[in-house]
There are 2 protein chains.
Amino acid sequence: MTSRAVDRRATAASEELSTVDGLAQLSFLIHGTLERRAAERELSIIQTRLLGVLRDRKPTMNELAKVLMLDKSSISGLVDRAERRDLVVRVPSDADRRAVLVALTDRGRALVSDVAARFGADVSSLLDRLPASDRATLSRLVSRLLVAHAADRGIDLFAPTTTG
Amino acid sequence: MTSRAVDRRATAASEELSTVDGLAQLSFLIHGTLERRAAERELSIIQTRLLGVLRDRKPTMNELAKVLMLDKSSISGLVDRAERRDLVVRVPSDADRRAVLVALTDRGRALVSDVAARFGADVSSLLDRLPASDRATLSRLVSRLLVAHAADRGIDLFAPTTTG
DNA sequence: TATTGTTATACTCTATAACTATA
DNA sequence: TATAGTTATAGAGTATAACAATA
């Protein structure tokens, strides 16, 4: 039964959570952790993702829409609100005068680094509950899952990034 | 560096993702899976969580606010929209004439079961990428993490549920 | 007085449709 | 014509504040 997965409670049926339920609960725990850390800096998850994408790219609005899987009109609003807070700037594209590039400001970069650092510390301290050997094992299994899943979609996680 | 955790890309630096990044990515993958399965039934994550909570409880609006960690006014709107779709019903409380109980309709129960089943199947098929012995190991490690985390908050995951 | 729930209001986030400017 | 982006509009989801009914 995976039914408990949609709320966050444990089954008392067995002394160990089912793998599916456990993984689901852990996922919500970690997602909620990021949500909370972002909220402490007045960021929503989507604003945080926006800033995260911009850390190593200066995409057009259109490219942002594809990466974040949102309509271009949603990106307009998202970038508007981030720009109002001086977290990002719109820059006209040289190559195509219709296009607009979006870049992180220093303030935006500092903010996303801060959130990422505190979130990372949260996950680290969660992992610290396990002995080092278990951590290594967990890391290996999780990597395998991600690699297998990525392979299903024809993506090689470890290929040099071709900066979409 | 946990910096990549806030976007969803892999580091190519090492042949294995850091444990923190890997766990974060896996979490977003699983969260996104639920989001997608819920959206297929026109449900948001929060509507799905609402229905999930109601599967084994008939709480007051106030209790819902606590469980979902939302303001009571947000619960009013949430329940309004679910009630409009005939997924839940408001029932006057006998014990306290100020209070309102919320219950799942048959339609609501069917819907949440459907979403939970398909989501569970997704996670299962992801896990099927691992050999059975690895799955067992992963399950054990994840359970340990959740138990340790719950213990930090003074919660025993395996205690009989005292129906808040 | 305190608590339960609703309503009014405001803002974020999202999509669709219509629009402008450029390719 | 097709594409990049914005704007208008509508609806979900969230919080704060003010309110009504009951405890």
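A, B, ... follow the sequence lines: proteins, then strands. Residue 1 opens every chain.
- Annotation: proximity of residues 85-96 of chain A to DNA chain C (heavy atom, distance under 4.0 Å) is found for Asp96(A), numbered in ascending order.
- Put simply, CG on Leu34(B) and OG1 on Thr48(B) are 6.0 Å apart, with the number rounded to the nearest 0.5 Å.
- The nearest heavy atom of DNA chain C to Arg84(A) and to Lys66(B) marks one nucleotide each, and the one closer to the 5' end goes with Lys66(B).
- Spacing between atom CD1 of Ile75(A) and atom C1' of dT7(D) amounts to 16 Å, rounded to whole angstrom units.
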Between side-chain atoms of residues 70-78 of chain B and protein atoms elsewhere (two or more places apart, or another chain), which donor-acceptor pairs fall under 3.5 Å?
residue  : atom : partner  : partner atom : Å
Asp71(B) : OD2  : Ser73(B) : N            : 2.8
Asp71(B) : OD2  : Ser73(B) : OG           : 2.7

For nucleotides 14-18 of chain D, print each protein N/O atom paired with a nucleotide N/O atom at under 3.5 Å, atom names and distance only.
residue : atom : partner  : partner atom : Å
dA15(D) : OP2  : Asp71(B) : N            : 2.9
dA15(D) : OP2  : Ser74(B) : OG           : 2.7
dT16(D) : O4   : Ser73(B) : OG           : 2.7

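- Nucleotides of DNA chain C with any atom under 4.0 Å from a heavy atom of chain A span, from 5' to 3', dT12(C) to dA23(C).
- Scored by the salt bridge (Lys or Arg N to Asp or Glu O under 4.0 Å) test, Glu40(A) finds Arg37(A), Arg118(A) as partners (sequence neighbours excluded).
- With a 4.5 Å cut-off on side-chain heavy atoms, Arg57(B) and Val53(B) count as touching.
- Along DNA chain D, the nucleotide nearest to Ser44(B) and the one nearest to Arg97(B) differ in position, and the one closer to the 5' end is contacted by Ser44(B).
- Distance CG/Leu141(B) to OG/Ser139(A): 11.0 Å, rounded to 0.5 Å.
- Of all non-hydrogen atoms in Arg109(B) and Arg55(B), the two that sit nearest each other are NH1-O, 3.1 Å.
- Using cut-offs of 30° and 60° for the angle between ring planes, the His31(A) and His31(B) rings count as parallel.
- Rounded to whole Å, the distance from CG on Asn62(A) to C1' on dT6(D) is 13 Å.
- For the pair Gln25(A) (side chain) and Gly22(A) (backbone), a donor-acceptor distance under 3.5 Å is absent.
- Rounded to whole Å, the distance from CD on Gln47(B) to C1' on dG11(D) is 13 Å.
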- Which is it for Arg90(B) and Asp80(B) under the salt bridge (charged side-chain N to carboxylate O under 4.0 Å, His left out) test, yes or no, and what are the steps along the way? CA-CA 9 Å; Arg90(B) 282 175 163 96; Asp80(B) 282 352; 3.0 Å; yes
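- The line from CG of Leu138(A) to CG of Leu26(B) is 9.0 Å long, rounded to the nearest 0.5 Å.
- Arg107(B) meets the salt bridge (Lys or Arg N to Asp or Glu O under 4.0 Å) test with no other residue; sequence neighbours excluded.
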